[in-house]
Amino acid sequence: KHRSISLNEGTHTFAIEIATESGELNLSITGQDGTVYYRGSKLSTSTFEVQVDLAAKEKVTLRVEARGHSGGYKIKWT
């Protein structure tokens, strides 16, 4: 599952909450030019933030891959 969002120039904070009861959850945040801002695999239950600094308006893709994952996740950005 993925979602592309347009963000303006500046620093953006992604607040990520992961709840894993079983299975695997992988998450990546990438820019349209292929820049990897975050990549995590087999994420366990956690809460963390990722800072993304953009020099210009850009499309950023959030990609979540779940393999037999039981639990949930939330991603918010500012």
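This is a predicted model, so every value here is computed, not measured.
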Peer 1: Testing the 3.5 Å rule here: is there a donor-acceptor pair between the side chains of T13 and E49?
Peer 2: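 No pair is found: no donor N or O on one side chain lies under 3.5 Å from an acceptor on the other.
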
Peer 1: Under a 3.5 Å distance rule, please check whether E58 uses its side chain to pair with a backbone N or O of Q32 as donor and acceptor.
Peer 2: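 Present.
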
Peer 1: Taking N26 for its side chain and K42 for its backbone only, find out whether a donor-acceptor pair lies under 3.5 Å.
Peer 2: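 Yes; at least one donor-acceptor contact below 3.5 Å.
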
Peer 1: What distance separates L62 CG from S4 OG, expressed to the nearest 0.5 Å?
Peer 2: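 Going from the CG atom of L62 to the OG atom of S4 covers 8.0 Å.
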
Peer 1: What I'd like to find out is whether the side chain of V52 reaches to under 4.5 Å of the side chain of W77, using heavy atoms alone.
Peer 2: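 SC-SC contact between V52 and W77 ruled out.
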
Peer 1: Taking NZ, NE, NH1 and NH2 as the nitrogens, is one of them in E65 or R67 under 4.0 Å from a carboxylate oxygen of the other?
Peer 2: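 Yes, charged N to carboxylate O under 4.0 Å.
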
Peer 1: Look up atom OG in S22 and atom NE2 in H69, then write down how far apart they are to the nearest 0.5 Å.
Peer 2: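 Answer rounded to 0.5 Å: 7.5 Å.
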
Peer 1: Taking the six-membered ring for Trp, are F48 and F14 closer than 6.0 Å centroid to centroid?
Peer 2: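 No, the ring centres sit 6.0 Å or more apart.
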
Peer 1: Is there a donor-acceptor pair under 3.5 Å between the side chain of H12 and the backbone N or O of T78?
Peer 2: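 It does hold such a pair.
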
Peer 1: Checking side chain to side chain contact (heavy atoms under 4.5 Å, CB included) for the pair I18/T45: CA distance, chi angles, key distance, verdict?
Peer 2: CA-CA 5 Å; I18 307 286; T45 298; 5.7 Å; no

Peer 1: Under a plain distance cut-off of 3.5 Å, with no hydrogens placed, do T20 and S44 share a side-chain donor-acceptor pair?
Peer 2: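 There is no such pair (donor and acceptor under 3.5 Å, judged by atom type) between the side chains of S44 and T20.
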
Peer 1: Restricting to ring pair (Phe, Tyr, Trp, His ring centres under 6.0 Å), what partner residues turn up for Y73, sequence neighbours left out?
Peer 2: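 Partners of Y73 under the ring pair (Phe, Tyr, Trp, His ring centres under 6.0 Å) test: none.
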
Peer 1: CD1 of I29 to OH of Y38: how many Å apart, nearest 0.5 Å?
Peer 2: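 So the gap between those two atoms works out to 8.0 Å.
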
Peer 1: Can you find a side-chain donor-acceptor pair between D53 and T11 that sits under 3.5 Å?
Peer 2: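 Indeed, the side chains of D53 and T11 share at least one donor-acceptor pair under 3.5 Å.
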
Peer 1: Hey, could you give me the CD/OG1 distance between E17 and T47, rounded to the nearest 0.5 Å?
Peer 2: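 Here the rounded value is 5.0 Å.
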
Peer 1: State which residues pass side-chain hydrogen bond (donor to acceptor under 3.5 Å, both in side chains) with D33; sequence neighbours excluded, sorted by chain then number.
Peer 2: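 side-chain hydrogen bond (donor to acceptor under 3.5 Å, both in side chains) list for D33, sorted by chain: T35.
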
Peer 1: Can you confirm whether S41 sits close enough to E24 that some side-chain heavy atom of one is under 4.5 Å from a side-chain heavy atom of the other?
Peer 2: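 No, every pair of side-chain atoms sits at 4.5 Å or beyond.
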
Peer 1: Hey, does L27 have a side-chain heavy atom less than 4.5 Å from the side chain of L43?
Peer 2: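 They are in contact (side-chain heavy atoms under 4.5 Å apart), so the answer is yes.
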
Peer 1: Measuring from L25:CG to S70:OG, what's the distance to the nearest 0.5 Å?
Peer 2: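 L25 CG to S70 OG: 11.0 Å, rounded to 0.5 Å.
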
